2 protein chains.
Amino acid sequence: MSPDSAVNPPTLSPRAREIVAAAREQLEQEGEISMRRLADRLGIKAPSLYKHLPGKPAVEAAIISDAFLEAAERFEAAQTLRELGAAYRAFALEHPHVYRLLFQGRLPRERLTPGAEARAAAPVIAAAGGDPDRARAIFAFAHGMVLLELDDRFPDDADLEAAWAAGLQSLVGV
Amino acid sequence: MSPDSAVNPPTLSPRAREIVAAAREQLEQEGEISMRRLADRLGIKAPSLYKHLPGKPAVEAAIISDAFLEAAERFEAAQTLRELGAAYRAFALEHPHVYRLLFQGRLPRERLTPGAEARAAAPVIAAAGGDPDRARAIFAFAHGMVLLELDDRFPDDADLEAAWAAGLQSLVGV
DNA sequence: GTCTATACCCGGATAGAC
DNA sequence: GTCTATCCGGGTATAGAC
């Protein structure tokens, strides 16, 4: 067996990569992916997309794998837990729709680049000092803060910096 | 002006109440509301629904208002923060789709029964000792934990009781 | 191989007849 | 109060032209 006989994910053709790039753009700009509008964007008809990728879930999986690695790089650059929290929030606010694709709903793990999810998670685990329960609590706090902010759940005058500081200080004792 | 001249929400007719009850059932059982299947459930055609309620968002808003009050009653019964956390998680696990309707995405506040959202939030604020930053951090933690659990984001062998305990202990110092 | 046209099924919603 | 007919928007499968 050759090394790239891996089933997940199938290696993408150059044309498929172009489609995925356009889909990422569409997601960022429109907030969702529509196969029909994605085809418009590329100047082709919707069914043509299916010659390059098996369907919408495959397009999403490719975006997810890429974005996990992108996010991981930013998280790895953080030196302190406070920086990690800030990096996490910044990524979510800069790419809200991509954030939701990565962290909301069930993850199609079978379709993802192996290791991509784990690499994004690693900095959080490290910051928790190796305690998995604490790491999960910190992750849940950050995820909850980001989603509540993206979903406009906090009052307009809420001091979110202070809430982040309060949470991180309590959870990690910084 | 009479007391019930309130614009939000419009008082529902008995028939509309029946429709909303059926929609709640559908949401719990199927995980989503479809106006077509909702009509099937009631033995009528989809367009007939629109004679009683203006559309799907109105159906959802009625369910949300009811469910906020339902959840509030359960949260108010909690005596300690540990109990409140347990009550929060239990509600989410018993009614996962309703939970998402209540707490995920933008809330159609204009359509809701006034005060319903605030009443569900009050016990959390009280448990935080009146500190709004801390209350937001606790809420974010609980929301994140619940969503990550519902979305199957934790490993199967994760000890979620321990993660809840770790988070609540840190955040409130119990 | 790459595209197109067509069509199917699902969804929410509206107009107008009974 | 309910109906039928209809529109628009999705994802996607198939057939066939180039």
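Predicted, not measured: the structure shown is a model, and the values here were computed from it. The figures that follow rest on heavy atoms only: side chains count, while hydrogens, waters and symmetry mates do not.
Toward the 5′ end of DNA chain C lies the nearest nucleotide of S48(A), the other residue of the pair S48(A) and R36(A) mapping further downstream.
Contact check on R109(A) versus D152(B) returns no salt bridge, with no Lys/Arg side-chain nitrogen under 4.0 Å from an Asp/Glu carboxylate oxygen. Using a 4.0 Å cut-off between charged side-chain N and carboxylate O, R89(B) and E149(B) make a salt bridge. Salt-bridge annotation for R24(A) and E70(A): present, with a side-chain N of the basic residue lying under 4.0 Å from a carboxylate O of the acidic one.
Distance check: L27(A) CG to E32(A) CD gives 9.0 Å after rounding to the nearest 0.5 Å.
Neither OP1 nor OP2 of dC3(C) sits under 4.0 Å from any side-chain N or O of K51(A). In this model, the phosphate group of dG1(C) is not approached by any side-chain N or O of H52(A) to a distance below 4.0 Å at OP1 or OP2. For dG11(D), one of the phosphate oxygens OP1 or OP2 lies less than 4.0 angstrom from a side-chain nitrogen or oxygen of S34(A).
Distance, L38(B) CG to dG12(C) P: 9 Å, rounded to whole Å. Atom NZ in K45(A) sits about 17 Å away from atom C1' in dG16(D), given to the nearest Å. For the pair M35(B) CE and dG9(D) C1', the computed distance is 17 Å after rounding to whole Å. Note: CZ (R37(A)) to P (dG11(D)) measures 7 Å, nearest angstrom. The distance from atom NZ of K56(A) to atom P of dC10(C) is 18 Å, rounded to the nearest whole Å. Protein atom OH of Y50(A) is 17 Å distant from nucleotide atom P of dA5(C), rounded to whole Å. Taking atom CD1 of residue I19(B) and atom P of nucleotide dG12(C), one finds them 14 Å apart after rounding to whole Å. Taking atom CG of L49(B) as the reference point, atom P of dT2(D) lies 9 Å away to the nearest angstrom.
Among the atoms of the strands shown, none is found under 4.0 Å from any heavy atom of L53(B).
With a 6.0 Å radius and a threshold of 12 heavy atoms from other residues, nucleotides or ligands, E161(B) has its CD atom at or below the threshold.
Using modelled atom types, one finds a donor on one side chain and an acceptor on the other under 3.5 Å when comparing H95(B) with E28(B).
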Dot-bracket for DNA chain D, 5' to 3', Watson-Crick and G-U pairs with both distances under 3.5 Å, [ ] for crossing pairs, | for partner on another strand, reads ||||||||||||||||||

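For Y88(B) and F103(B), the ring centers are positioned less than 6.0 Å apart.
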